[in-house]
Amino acid sequence: MRSSRNHPFLPVLLLGALVCFARVAGAAVEPHGAQLMPRAAQSLLIDIARAGERLVAVGERGHVLYSDDSGQRWTQAPVPVSVMLTAVWFLDAQRGWAVGHDGMIIATDDGGTSWRLQRDGLAEQQARDRAALEQARRDLAAREGSGADAAALEEARLALGEAEDRASQPAYAPPLMDVWFADADNGIAVGAYGSYLRTSDGGRSWIHDAARIDNPDELHYYAIASGGAGRLLIVGESGAMFRSRDGGASWEALSHAYEGTLFGALAFTPGDAVCAFGLQGTVLVSPDFGDTWQRLDSPTESVLAGGTIARGGEALIVGNVGTMLAARPATGELEDRSRVALRDNLAGVIEAPDGSLVVIGQGGAVRVPAAKAGDSAVVAGEAGAAPAGGG
């Protein structure tokens, strides 16, 4: 039930923070819960999804907001983390996951009303560093006790020094950028520096499995699109694209259709059509799930960050300075649907249950009337309503 793919929408604003963000403190600490704020619905929001008839949006400071009236009013949910949340995905009306900075993963079983911590990337990294340090100490002690030669002892001492240095540094975990689940048990989370995590127990445990994808340069992954029947597409830095036909068991690298970074992807179902989008207003479409690609003639050079498949079967894609495009892969058309009243940088869009659109981004959540072909650049949006906490 993921309808929108929303990712860093301004490299200078977010991308550097997402891939370089690290704690200045020396040790990982227990994550603090997000502060409940009366204007959370107007804060920076990065992703939005449908949970049945409910809308759920995530963003800065661990903010999670939900709306049961198609985005007219929003309520902020209590969340156990306060880091930037970058993506949210729902399997059904109740079960969902969100990911973000510091490798954090949180989950809900009640449609986003409450959340629990499933993974703290900083604590996990700190535990690995401590384990490596203890192992290096044991190795040195064993060699000293066995009367090893000088070269072996020096090698063990060097290894111990490196382990001590790592353990003394601030803990760091790459940000996660997207998450997807095949069913209640099997899921994938991807992110910066080729981060690829998988779970087979609903997220209670996550396994590092980066070697499953041939990505020697550790390019960042920004989005996962699911075409059903085990077909998955990951897009990311420098035009990277990887395709799976077996639900992520194996992956193949696709030839670059564009050398710039791609921040989002959408799959049209039924069928094999997919689209990807990113820098310079780039929109790529493929009728055969990545075998061939066409770059559409774009009316903008804005960064494109998020999108959704609307009920009419077209892709709505949003980005900087209120950009909204409508793409129809079957015809190769790309139409400008930008709103005069929306000049903020947009990160995502979703079609609400009442047929209106809700866009999110720099200015929070905003409801706008659904645009029709030919309505480009004329519609004034409705401000996204009551402050968070409104029932």
Side-chain angles (χ1 to χ4, degrees), residues 2-10 13-14 39-51 54-60 63-74 76 85-89 223 263-266 275 277-278 281 283 299-300 302-312 314-327 334-373 375-388:
R2 173 65 178 274
S3 299
S4 181
R5 319 267 23 130
N6 312 294
H7 298 290
F9 53 91
L10 261 182
L13 178 63
L14 286 180
R39 293 183 59 82
Q42 286 79 52
S43 64
L44 173 64
L45 298 175
I46 304 298
D47 199 9
I48 188 167
R50 285 275 297 270
R54 172 176 284 185
L55 303 180
V56 181
V58 302
E60 66 174 334
H63 290 171
V64 176
L65 298 139
Y66 59 88
S67 173
D68 293 320
D69 56 9
S70 295
Q72 297 181 71
R73 297 175 65 84
W74 294 88
Q76 185 179 359
L85 296 174
T86 54
V88 60
W89 194 91
F263 290 127
L266 296 164
C275 74
F277 47 87
V283 178
T300 181
S302 293
V303 174
L304 302 177
T308 190
I309 304 296
R311 294 175 200 174
E314 63 185 7
L316 298 178
I317 302 168
V318 298
N320 281 9
V321 292
T323 298
M324 182 181 292
L325 306 177
L334 187 62
E335 181 184 347
D336 190 354
R337 299 273 184 84
S338 302
R339 266 72 163 151
V340 168
L342 295 176
R343 303 304 295 169
D344 286 339
N345 296 321
L346 303 179
V349 58
I350 202 162
E351 196 167 25
D354 69 355
S356 64
L357 299 177
V358 175
V359 296
I360 58 163
Q362 187 179 15
V366 178
R367 247 172 69 91
V368 297
K372 303 293 192 299
D375 286 350
S376 139
V378 297
V379 182
E382 306 173 43

task = Begin with the C-alpha distance, continue with both residues' side-chain angles, and end with the deciding distance and a verdict on salt bridge (Lys or Arg N to Asp or Glu O under 4.0 Å) for R367 and D354.
result = CA-CA 11 Å; R367 247 172 69 91; D354 69 355; 2.8 Å; yes

inquiry  = If I take atom OG from residue S302 and atom CG from residue N320, how far apart are they, to the nearest 0.5 angstrom?
reply    = 5.5 Å

key: N/O donor-acceptor pair under 3.5 Å between Q362 side chain and N345 backbone   = yes

ask   = Between L357 and M324, is a side-chain contact (heavy atoms from CB on, under 4.5 Å) present by the stated rule, with each step listed?
value = CA-CA 11 Å; L357 299 177; M324 182 181 292; 4.1 Å; yes

Pairwise distance CH2(W74) to CD(Q42) - rounded to 0.5 angstrom = 11.0 Å

key: side chain to side chain contact (heavy atoms under 4.5 Å, CB included), paired with L304, selected from V283, L346, V318   = V283

inquiry  = Apply side-chain contact (heavy atoms from CB on, under 4.5 Å) to residues L55 and Y66 and explain how you reach the verdict.
reply    = CA-CA 5 Å; L55 303 180; Y66 59 88; over 6 Å; no

ask   = Does the side chain of P353 reach to within under 4.5 Å of the side chain of R54, using non-hydrogen atoms?
value = no

task = Ignoring hydrogens and angles, tell me if any N or O in the side chain of D336 forms a donor-acceptor pair with the backbone of P299 under 3.5 Å.
result = no

inquiry  = What's the separation between atom CG in L266 and atom CD1 in I317, rounded to the nearest 0.5 Å?
reply    = 6.0 Å

inquiry  = Is it the case that the side chain of E351 and the backbone of R311 share a donor-acceptor pair, with hydrogens and angles ignored and the cut-off at 3.5 Å?
reply    = yes

message = For a 4.5 angstrom cut-off between non-hydrogen side-chain atoms, does V349 reach V358?
response = no

Intermediate values then yes/no, side-chain contact (heavy atoms from CB on, under 4.5 Å), R50 and I350 = CA-CA 8 Å; R50 285 275 297 270; I350 202 162; 3.5 Å; yes

query = Which distance, rounded to the nearest 0.5 Å, do you find between the CG of L65 and the CD1 of I360?
reply = 10.0 Å

inquiry  = Please report the interatomic distance NE2(H63) to CG(L85), rounded to the nearest 0.5 Å.
reply    = 9.5 Å

inquiry  = For L325 and R337: C-alpha separation, side-chain torsions, deciding distance, then whether side-chain contact (heavy atoms from CB on, under 4.5 Å) applies.
reply    = CA-CA 5 Å; L325 306 177; R337 299 273 184 84; over 6 Å; no

